[in-house]
Amino acid sequence: MAKQAVTTIFFVLFHCIISYWAFMSSCSIHSFPKNSIPAIAKYFGSKGRYEEVNTYLIGDLLATNYSLVTLPPSKCNEIHLTAIIRHGTRYPSTKNIQKMREFYDFLMRNATSNLNGLSEIKSQWKMWYTDEMDGRLVDKGRADHRHLAQRLIKWFPSLLTEDNVRHGRVKLITSSKHRCMNSTIAFREGLMEGLGREVELEPAVNDALMRYFDQCERFVKEVENNKSALEEVKRFKEGPEMKSVMEKMADRLKLPYASITVDSVEAAFFLCAYEFAIHNLNTPWCQLFDEADAQVMEYAADLKQYWKRTYGHDINSKSSCILFHDLFHRLDQVVDQINSDGALSEAVTVQVGHAETLLPLLSLLDLFKDDIPLSSTNFATQKKRILRSGNIVPYAANLLVVLYKCPEGIRMGVRLNEKSLTLPGLTDPVPMYEDVKKRYGALLEGCDQETVCKINN
Ligand SMILES: *[C@@H]1O[C@H](CO)[C@@H](O)[C@H](O)[C@H]1NC(C)=O
Ligand SMILES: *[C@@H]1O[C@H](CO)[C@@H](O)[C@H](O)[C@H]1NC(C)=O
Ligand SMILES: *[C@@H]1O[C@H](CO)[C@@H](O)[C@H](O)[C@H]1NC(C)=O
Ligand SMILES: *[C@@H]1O[C@H](CO)[C@@H](O)[C@H](O)[C@H]1NC(C)=O
């Protein structure tokens with residue numbers, strides 16, 4: 001009897017400790033829904049999750065979906081893979097963290113409406129981003145790369161082998177930015193995990209390749225450091241669509257129109273996006289936007305990519321000539337080796353960089369080119385545009401170039417984010433390598449980094 005009572009008391013006490021611990025750990029941080037996707041998540045652009053592009057990964061981060069990939073028509077062997085990959089999920093830049101803090105402080109001080117979202121922000125959300133987080137890779141970003149490496153082993157089991165790693169036929173190249181270096185290290189961890197053993201594999205840092213945009217003098221002068229190069233973005237932000245987003249947010253918060261600026265709506269949109277990307281949380285920041293608002297925010301970001309990284313200025317794509325030649329030089333070498341003795345020196349090359357590394361290269365290849373330029377005045381008619389950075393460069397975005405040895409010769413396949421692409425101007429989704437080289441003949445013969453990036457006086 002006494003023994004039973006003691007047991008019961010002990011059980012109840014134990015149960016309370018556990019519940020209290022569970023309660024504290026969920027409530028001390030937040031009580032926002034986890035694993036619920038914000039309705040506006042597909043408009044986050046380059047701040048979007050990779051899982052939004054390939055939703056089948058939500059259930060299984062190691063899944064590979066063959067219905068999205070076109071293989072060569074005949075029986076072929078994979079002989080080479082070059083993967084150019086964006087770093088994984090990261091913290092905001094210091095500049096954006098400051099914008100976020102400023103808007104949060106302002107709401108805490110000045111907003112008094114009891115709109116659902118706002119009262120939750122005020123009572124349950126704390127500003128936890130600090131300046132020194134400045135663009136660093138987060139845990140989710142490490143996981144992005146670890147999982148991608150494991151999926152690439154599944155996609156290319158004959159290339160990503162222990163033997164190839166051990167014999168130096170797998171190379172890792174990275175931008176010097178900490179988020180890229182740490183992504184590369186996470187990628188290597190995923191590789192070792194997938195192969196089931198530790199093999200030595202040192203990444204090489206190469207900014208001339210992975211951050212070519214910093215080194216192209218003409219790009220820096222004419223676009224990067226030139227305000228008027230992004231005039232259309234400025235106009236859009238001053239235009240009627242953005243004004244409506246700001247006024248709707250002011251109405252929701254019951255604040256005067258003059259108190260909500262473009263910086264305010266950007267800060268709130270970033271907060272919604274980052275809380276989701278980093279912690280998988282659907283926070284009340286997301287309730288400050290409806291779908292129409294989010295589309296405007298997405299367009300403002302895509303417009304900037306258009307003018308700064310893709311078709312807006314010719315030098316944007318041309319600045320990637322060095323990476324383009326690096327790729328084709330390697331592919332040529334593989335083809336030469338296959339055609340001579342068959343011993344390959346490079347089976348897989350992984351290059352880790354930035355959204356800014358991928359976008360100009362994709363543009364140089366004429367991919368994601370809309371018929372009509374994106375401008376400050378054509379938001380409405382560009383709703384169906386193909387230049388959507390959320391589809392192209394989410395975190396851990398990857399361009400995969402695969403060579404196949406087939407009975408009829410060498411073929412080349414291209415995948416973006418694990419989905420096959422047909423190169424513009426070619427009809428075959430897995431064309432003969434020679435046809436690819438003809439298609440890009442003008443670039444292969446020109447597109448010289450030095451000439452292109454030199455400033456003509
Ligand atoms: C693969 O992708 C297709 C197209 O997005 C989708 O319909 C299908 O459900 C996916 N397959 C799996 C197994 O998730
Ligand atoms: C990268 O990883 C190292 C070692 O884990 C760590 O010291 C460093 O702070 C990390 N950098 C970033 C940006 O996360
Ligand atoms: C800045 O950009 C504008 C618009 O593209 C261009 O006309 C101008 O020449 C550029 N200025 C410099 C210094 O390159
Ligand atoms: C916030 O409120 C303070 C007074 O409480 C006022 O001085 C300030 O101008 C307000 N800020 C904005 C941006 O409206």
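Counting convention: from 1, in listed order, for ligands and their atoms alike.
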Can you name the atoms of ligand 3, numbered from 1 with element, that are less than 4.0 Å from a heavy atom of His313?
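In order of number, 5 (O).
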Which of the atoms of ligand 3 are close to Asn226, meaning less than 4.0 Å from one of its heavy atoms?
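Those atoms are 1 (C), 2 (O), 3 (C), 8 (C), 10 (C), 11 (N), 12 (C), 14 (O).
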Under 4.0 Å from ligand 3, counting heavy atoms only, is it the side chain of Glu231, its backbone, both or neither?
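No part of Glu231 comes within reach of ligand 3.
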Amino acids contacting ligand 4, non-hydrogen cut-off under 4.0 Å
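If the criterion is a heavy atom under 4.0 Å, then ligand 4 touches Phe106, Asn110, Ser259.
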If the test is side chain to side chain contact (heavy atoms under 4.5 Å, CB included), which one of Asn391, Val53, Leu400 qualifies with Asn417?
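The option that passes is Val53.
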Test applied, side chain to side chain contact (heavy atoms under 4.5 Å, CB included); reference residue, Glu418; option that passes from Leu148, Asn65, Val69:
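Among the candidates, only Leu148 passes.
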With sequence neighbours excluded, give me every ring-ring contact (aromatic ring centres under 6.0 Å, His included) pair touching residues 67-87.
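Counting only pairs at least two positions apart or across chains, the ring-ring contact (aromatic ring centres under 6.0 Å, His included) contacts touching residues 67-87 are His87-His354.
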Hey, does the Lys NZ or Arg CZ of Arg309 hover above the aromatic six-ring of Phe213, less than 6.0 Å from the centre and inside 45° of the axis?
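Satisfied, under 6.0 Å and within 45°.
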Using the test salt bridge (charged side-chain N to carboxylate O under 4.0 Å, His left out), find all partners of Arg188 that sit at least two apart in sequence or belong to another chain.
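By the salt bridge (charged side-chain N to carboxylate O under 4.0 Å, His left out) rule, Arg188 matches Glu202.
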One residue to check: Thr55. Relative to ligand 1, which of side chain, backbone, both or neither has a non-hydrogen atom less than 4.0 Å away?
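For Thr55, no heavy atom sits under 4.0 Å from ligand 1.
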For Ser176, check side chain to side chain donor-acceptor pair (under 3.5 Å) against everything at least two apart and list the hits.
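For Ser176, the residues satisfying side chain to side chain donor-acceptor pair (under 3.5 Å) (neighbours in sequence not counted) are Asp207.
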Which of the atoms of ligand 1 are close to Tyr56, meaning less than 4.0 Å from one of its heavy atoms?
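Selected atoms, number and element: 14 (O).
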For ligand 1, which atoms, with element, lie under 4.0 Å from some heavy atom of Ser67?
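This gives 1 (C), 2 (O), 3 (C) as the contact atoms.
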Where Ala208 and Ile322 come nearest, the two heavy atoms and their spacing:
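That would be O-CG2, 3.8 Å.
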State, to 0.1 Å, how close Gly88 and Tyr395 come at their nearest heavy-atom pair, and which atoms those are.
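The pair with the smallest heavy-atom distance is O-CD2, 3.6 Å.
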Any Lys/Arg nitrogen of Arg235 or Glu232 sitting under 4.0 Å from an Asp/Glu carboxylate oxygen of the other?
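Looking at Arg235 and Glu232, the cut-off is met.
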